[in-house]
Enquirer: 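So that we are looking at the same thing, I have put the structure below in structure tokens.
These numbers come from the heavy atoms of this one structure, side chains and all, not from hydrogens, waters or symmetry mates. Note that ligands are numbered from 1 as they come in the structure, with each ligand's atoms numbered from 1 the same way.
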Amino acid sequence: MKIYKENLPNPENFIEDIIDGDIKSGKINEVVTRFPPEPNGYLHIGHAKSLCINYGIKQKYNGKFNVRFDDTNPLKEDEEYVESIKRDIAWLGCEWDGLYYASDYFAKMYDCALTLIEKGLAYVCDLTAEEIKQSRGNLIEGGKESPYRNRSIEENLDLFKRMKEGEFADGQKCLRAKIDMSSPNINMRDPVIYRVLHASHQNTGNRWCVYPMYDFAHPIEDAIEGITHSICTLEFEDHRPLYDWVVENCDFPHPLPQQIEFARLNITDTIMSKRFLKRLVDDKVVDGWDDPRMPTLSGLRRRGYPPEAIVDFCKRIGVSKANSEVDQEYLESCVRDYLNAHAKRAMAVTNPIEVIIADAASETLITENHPADPTMGEREMTFSNRIFIDGDDFSINPPPKYHRLQEGGYVRLKGAYIIHCDRVETENGATKLFCSIVPNSKSGNDTSGLKVKGVIQWVDANNCVKIKLKKLQSLLVPGDGDFIDRLNPDSLIEVDALGEKLLENAECGERFQFMRIGYFAADNTSTRELPVYNEIVPLKDSFNKKK
Ligand code: ATP
Ligand code: MG
């Protein structure tokens with residue numbers, strides 16, 4: 001299902017219904033949520049959805065919101081990712097009450113494992129990973145009990161301690177929860193909860209050589225922090241019985257955390273998994289995690305996406321239990337709505353055509369920065385007898401009802417005058433227009449009585465700057481198959497343009513609407529000699545057109 005504005009899910013969401021019930025019944029006094037990224041890559045727009053849900057609940061219920069790095073796997077994690085994740089969360093405006101690392105709880109997790117062993121609810125198993133997989137059964141058949149399942153509590157305590165002390169090689173032994181090998185839910189068939197892994201961890205160094213498995217660690221992390229509602233994506237629905245089993249049997253104080261699943265965000269022609277995004281970075285298909293074509297938050301930021309528009313998008317798509325794919329153009333239309341209201345207007349022309357206006361005097365004109373918002377102020381633009389207009393705004397053979405410039409026609413230069421095109425000359429393939437000003441037609445003070453439909457942009461040839469525009473499209477073209485076969489060869493097209501003087505020194509990230517071309521943001525590769533602008537979104541709203 002594609003989500004369009006008219007069939008958005010009800011914004012009153014089912015998670016809030018559960019929370020309302022828990023408050024009403026007295027089960028909880030304060031709502032505590034968390035966002036638990038694994039620091040094995042940069043955050044993407046899917047994570048923004050999870051952040052907005054969790055942080056939104058904190059705000060709505062005046063509760064608490066934690067960020068917790070789920071760093072229990074020593075093999076894939078990196079400090080660079082931790083720093084980028086913190087930066088991206090702050091950029092979206094989600095302020096955390098507590099910032100934690102799951103690895104800080106390793107000692108507590110080890111104690112929980114001892115508790116389970118002492119209760120006869122966990123055992124050390126000598127089967128290999130492959131043997132465990134083989135004996136787990138399937139959806140039709142139950143699993144087979146491990147020959148080590150009935151070891152005594154003493155033996156299990158002794159073996160588990162020796163696992164921790166480094167006596168065994170990777171994979172030689174593991175700790176399994178003793179639940180039910182005939183459970184219809186395969187996750188409950190004595191899942192592995194601790195493994196031996198002689199690997200150094202970026203936070204705890206070489207202190208541990210046993211590491212907890214995700215399904216065991218995550219509920220404990222939540223319970224330690226007093227999380228009331230542990231919100232995760234739908235793939236974990238079948239893991240919920242194990243989640244509940246862990247928190248119940250490890251003797252945590254009530255109220256116990258409650259896992260709630262929602263549908264992850266998918267966007268058309270967009271790769272969202274960190275594993276794939278990492279491959280694009282490692283294979284140098286893109287210019288790093290913050291390449292403006294990437295769906296990462298750092299890429300979207302560099303591209304010029306305002307965080308407010310991302311939050312607005314997440315609110316508008318709502319929360320649901322049904323998996324769906326949101327049209328990429330819907331995200332763009334949220335960005336466009338924001339930029340239309342907030343981006344300064346500026347003039348830039350591509351395929352410039354030289355225009356000579358013999359009767360024009362050099363002067364400084366005052367132009368508004370935004371047509372509807374006077375609080376955004378005004379700026380100065382110089383005008384002279386030699387200007388450039390955009391190649392798209394002139395036609396030698398105009399179609400009927402053409403409102404831009406043609407030989408013998410009129411057009412308004414935005415913020416300046418109405419001009420008449422007297423003559424066209426073509427020399428060595430270059431078109432040059434000779435025009436004259438319509439008397440008394442100055443913008444804001446037009447008494448010429450002439451009505452013209454076309455308004456076009458221009459830059460003063462004597463006072464403009466060369467700029468580079470990066471026109472950006474989706475990294476993938478539509479289709480199925482491996483993403484690497486679906487790379488869009490046109491995802492980045494560089495276009496030379498001429499811009500008004502103010503574009504020379506824009507601050508990195510500053511956003512503009514280049515009238516008629518699109519919304520652009522100053523890129524961090526800009527130099528004084530060559531300012532570079534990323535296309536945030538095109539002007540045209542193909543999303544609303546489709547409706
Ligand atoms: P990926 O599959 O992209 O690598 P992940 O789920 O492994 O993502 P985590 O760092 O474990 O990434 O995720 C942190 C939180 O963000 C989790 O609660 C996860 O459910 C949520 N999340 C990840 N991807 C999405 C998505 N596409 N839509 C909504 N929430 C997401
Ligand atoms: Mg993950």
Enquirer: Closer than 4.0 angstrom: is that true for some heavy atom of Phe236 and an atom of ligand 1?
Expert: no
Enquirer: May I ask you to check whether Phe35 has an N/O atom sitting below 3.5 Å from an N/O atom of ligand 1?
Expert: no
Enquirer: Taking distance alone, with no angle check, do Lys274 and ligand 1 share an N/O pair under 3.5 Å?
Expert: yes
Enquirer: Do any nitrogen or oxygen atoms of Asn40 lie less than 3.5 angstrom from nitrogen or oxygen atoms of ligand 1?
Expert: no
Enquirer: Would His47 count as a polar contact of ligand 1, with the cut-off being nitrogen or oxygen pairs under 3.5 Å?
Expert: yes
Enquirer: By the definition ring-ring contact (aromatic ring centres under 6.0 Å, His included), identify the one residue from Phe160, Tyr123, Tyr214 that meets it with Tyr194.
Expert: Phe160
Enquirer: With salt bridge (Lys or Arg N to Asp or Glu O under 4.0 Å) as the test, would you mind laying out the steps for Lys284 and Asp291 before giving the verdict?
Expert: CA-CA 10 Å; Lys284 303 211 165 17; Asp291 185 298; over 6 Å; no
Enquirer: Using a 4.0 Å cutoff against the non-hydrogen atoms of His44, which atoms of ligand 1 qualify?
Expert: 3 (O), 24 (N)
Enquirer: So is Glu38 polar-close to ligand 1, meaning N/O to N/O under 3.5 Å?
Expert: yes
Enquirer: Could you walk me through whether Phe69 and Tyr81 pass ring pair (Phe, Tyr, Trp, His ring centres under 6.0 Å), step by step?
Expert: CA-CA 10 Å; Phe69 289 102; Tyr81 300 139; over 10 Å; no
Enquirer: Ring centres under 6.0 Å, that's the criterion: do Tyr519 and Phe514 meet it?
Expert: no
Enquirer: Relative to Tyr42, does Lys274 satisfy both conditions: NZ or CZ under 6.0 angstrom from the six-membered ring centre, and within 45 degrees of the ring's axis?
Expert: no
